[in-house]
Amino acid sequence: MVLLCASTSPTISIPHPLFSPLKPPATFLCHSSKTSAVTASSPTADQTPSSSSLSDQLLPLSLTLLTSQPTSPSATVAPPPRLPAKPTWTNPSKPRPTVLALRRQPRPPFSHNPSLRPLTALSRTLRLSPDLPSALSAAFPPGHSPSRDDALLLLNSLRSWQKSLQFLDFLRSLPDFPLDTIFYNVVLKSLRAGHQWHHVERLAGEMIDASVPLDNITYSTIITAAKRCRRFDGALRWFERMYRTGLMPDEVTYSAVLDVYARLGHREEVVTLYERACASGWRPDAVAFSVLGKMFGEAGDYDGIRYVLKEMKDLGVKPNAVVYNTLIQATGKAGKPGLARSLFEEMVAAGLSPNEKTLTSLIKIYGKARWSRDALELWERMKSNRWPMDFILYNTLLSMCADLGLEEEAEKLFEDMRRPDRYARPDSWSYTAMINIYGSGGKPDRAVKMFEEMLEKGVELNVMSCTCLIQCLGKARRIGDAVRVFETATERGIRPDDRLCGCLLSVAAVCEEGGETDMVLGCLKKANNRLVGLLKMLRDEQVGFGEIKDEFRGIMNEAAVEVRRPFCNCLIDICRNQGHPSRRANELLHLGNLYGLYPGLHARKSEEWSLDLRSLSVGAAKTAFEEWMKSLWDSVVEEEEVLPFSFSVYTGSGTHKFSQGLASSFTSHLNQVAAPFRQVEEKCGSFVASKEDLVPWLRATFSPAVVNA
DNA sequence: TTAGGGTTAG
């Protein structure tokens with residue numbers, strides 16, 4: 001029996017959803033293996049190669065701690081663990097491998113310093129001093145070294161990593177000063193606050209060189225510093241070093257590392273580590289469950305969240321406010337607003353007060369789910385219970401109003417923020433939300449007014465407010481104004497991002513051919529010249545599909561995942577609206593499908609085939625419909641497939657601000673081509689046709705006699 | 001906030 005069952009071999013079939021294969025990486029269009037978030041490691045004395053595989057990471061553990069166990073790589077493949085049952089150790093003659101110390105590192109009680117008052121004055125002087133080394137020399141002339149406790153207290157109060165390092169140098173210069181682990185730990189913490197990963201590693205190396213022991217507090221500080229600097233490779237390297245040097249992590253260090261793996265998206269490793277710690281006798285605490293809950297939320301893994309809830313219940317761990325906040329947010333990310341709501345009610349019923357973070361998460365969830373009633377009820381409760389509000393919560397409420405189209409409520413909130421006694425003054429997020437509200441409500445004048453007010457009041461401009469306003473002006477066909485907003489933004493140092501590029505593409509799609517389009521493409525050229533290049537290729541009859549495909553893939557790989565489909569939609573719209581070669585729209589739709597931008601477009605049940613157009617733009621929807629009809633005609637001609645009794649098309653009802661108009665545009669398209677689809681009366685945005693009606697229409701539309709005529 | 005881990009906005 002192999003106890004180190006850490007293999008992540010993809011060939012093992014794993015029954016529980018927690019162990020399902022990881023989702024495809026964000027760079028799925030690319031054939032390279034650039035999927036790891038692990039950054040390059042910096043050189044240290046005890047560097048080991050960073051790896052994303054747990055078996056590699058823990059190999060030293062298996063060598064140092066599990067010497068009685070087989071350690072050859074081939075022997076590390078074990079039957080997959082099953083959840084939620086705890087691993088059972090089938091060989092009682094062998095001791096359980098221990099992966100963490102069950103007792104936390106003890107901390108001596110803080111020793112109260114009798115000379116606190118004069119020290120407070122000195123710590124203030126040192127904190128404010130522009131020249132710390134001189135100030136220290138003045139305060140502690142030769143022969144008057146600070147006591148250990150005084151030095152520790154002063155070091156703790158400096159609030160600047162540079163000064164912490166200088167203070168450490170000063171202590172080092174004193175004869176016989178007992179510079180122990182604690183001093184280094186305090187400086188490491190200060191370096192962590194300053195995001196100084198390089199100095200953290202350097203200082204830890206100095207501890208090793210000077211034979212100052214590294215303890216659990218040292219390691220947990222180093223590991224969280226690495227995390228804060230997004231140097232996950234470094235975090236794992238130092239964690240591994242603990243085992244190699246014979247120091248057992250305690251639960252604080254261990255849960256810090258669980259979070260590192262979680263942030264890397266290595267969920268299987270997290271679960272394995274979690275289970276192994278439990279098997280060592282660990283009773284996980286709220287922090288560990290918070291890490292697990294957040295991880296499953298990020299992955300949209302509802303089963304994982306339920307697993308966390310069940311584990312807590314089984315182990316009798318009561319969630320605290322942080323755990324509730326994490327789980328509420330996680331359920332939102334997993335697309336389960338109902339569970340978020342019940343967790344919130346459970347939290348309140350348990351006597352825990354929701355804080356700003358709880359309410360921010362919940363309001364955001366209700367807004368995204370378009371649960372107006374719940375959102376408004378919660379808002380009322382917030383007011384009547386005087387639950388705490390901060391500017392993030394205000395802004396989230398405003399964004400929720402934008403999602404739900406609650407213009408009046410948003411205006412009230414915004415006015416409330418402008419009251420002079422409010423500390424939550426409107427900032428760029430608040431203005432963006434208001435521009436968004438007016439933009440999606442078709443009120444470009446008001447949106448422009450908000451933007452101008454933002455500029456007048458010196459509120460820092462951000463890319464999102466410009467994007468929302470340009471979008472709104474584009475929809476209103478005020479192309480010149482949209483271009484001016486873009487120019488103002490870039491003049492003020494706004495760097496266009498992918499969303500803004502997508503927005504410019506959508507504006508280009510509604511432009512008149514010629515001057516208007518050229519103006520918008522002039523903006524786009526400054527933001528993403530490659531997109532303008534692709535548009536030129538699409539326009540050029542001579543450019544072949546292979547070239548288009550290569551460039552399309554290159555652009556999509558460079559683009560953020562969430563803009564890829566909008567990019568493709570807009571490109572199709574431009575091709576259709578601007579007189580590009582007629583095959584281009586179909587080519588782009590084909591590429592979009594090829595690269596998985598339109599999952600679930602087609603569905604087939606025995607009695608009905610359907611086309612779900614809800615994530616498509618108007619042009620892309622028409623293209624997809626045409627393609628579908630052609631493919632159905634092929635089926636009729638080839639008689640290879642038995643057609644179902646009915647066919648349906650979904651456009652969505654247009655309640656979402658981004659899908660507005662698809663249902664009505666599609667209706668007119670159906671009328672134009674006289675297709676026999678009828679809108680389902682009780683279901684807005686749903687169209688059906690029977691086989692009886694559709695086949696004659698297909699014949700009339702696509703049969704060679706008609707096409708050649 | 002006194003040497004260590006987990007939670008808020010397009």
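So that the names make sense, note that chain A is the first sequence line, chain B the second, and so on, each numbered from 1. Any value given below was found using the heavy atoms of this structure, including those in side chains, with hydrogens, waters and symmetry copies removed.
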Is there side-chain contact between E407(A) and C401(A), with heavy atoms separated by less than 4.5 Å?
no
Heavy-atom side-chain proximity of R124(A) to L128(A) below 4.5 angstrom:
yes
Is F183(A) stacked against the base of dA3(B), taking the criterion as centroid distance under 5.5 angstrom and interplanar angle under 30°?
no
Can a side chain N or O of K364(A) be found less than 4.0 Å away from OP1 or OP2 on dT8(B)?
no
Can you tell me if R107(A) touches the phosphate of dG4(B), counting only side-chain N or O atoms and a distance under 4.0 Å to OP1 or OP2?
yes
dT7(B) phosphate, OP1 or OP2: any side-chain N/O from K294(A) under 4.0 angstrom?
yes
Under the 3.5 Å rule, do the base of dT8(B) and the side chain of D390(A) count as making a donor-acceptor pair?
yes
If you take atom types as modelled and just measure distance, does the side chain of S220(A) reach the base of dG5(B) with a donor-acceptor pair under 3.5 Å?
no
Test for a donor-acceptor pair under 3.5 Å between the base of dG5(B) and the side chain of S255(A), counting only N and O atoms.
yes
Verify the contact: side-chain N or O of N325(A) to OP1 or OP2 of dG6(B), cut-off strictly under 4.0 Å; return yes or no.
no
Residues which pass salt bridge (Lys or Arg N to Asp or Glu O under 4.0 Å) with K313(A), listed by chain and number, not counting sequence neighbours:
none
For A286(A), report the nucleic acid contact type (base, sugar-phosphate, nothing); a contact means any heavy atom under 4.0 Å.
base
Donor-acceptor pair under 3.5 Å, N436(A) side chain vs dG10(B) base:
no
Output yes when at least one side-chain N/O atom of R192(A) is less than 4.0 Å from OP1 or OP2 of dG5(B), else no.
yes
Under 5.5 Å between ring centres and under 30° between planes: does that hold for F289(A) against the base of dG6(B)?
no
Nucleotide of dT8(B), dG6(B), dA3(B) approaching N320(A) most closely (side-chain heavy atoms)
dG6(B)
Tell me if the side-chain of R104(A) makes a donor-acceptor pair with the base of dG5(B), cut-off 3.5 Å, by modelled atom types.
yes
For E377(A), the salt bridge (Lys or Arg N to Asp or Glu O under 4.0 Å) test, sequence neighbours excluded, returns R373(A)
K227(A): partners by salt bridge (Lys or Arg N to Asp or Glu O under 4.0 Å), with sequence neighbours left out
D259(A)
Just to be sure I understand the rule, does V186(A) reach a base, reach only the sugar-phosphate, or reach nothing, if contact means heavy atoms closer than 4.0 Å?
sugar-phosphate
Any donor-acceptor N/O pair under 3.5 Å between dG10(B) base and T432(A) side chain
yes
Enumerate the residues from residues 326-334 of chain A whose closest heavy atom to DNA chain B is under 4.0 Å, giving them by residue number; use none for an empty result.
T326(A), Q329(A)
So, under a plain 3.5 Å distance rule, would you say the side chain of D250(A) forms a donor-acceptor pair with the base of dG4(B)?
yes
Salt bridge (Lys or Arg N to Asp or Glu O under 4.0 Å) partners of R499(A), counting only residues at least two apart
none
Taken in chain and number order and not counting sequence neighbours, the residues that satisfy side-chain contact (heavy atoms from CB on, under 4.5 Å) with Q329(A) are K333(A), S361(A)
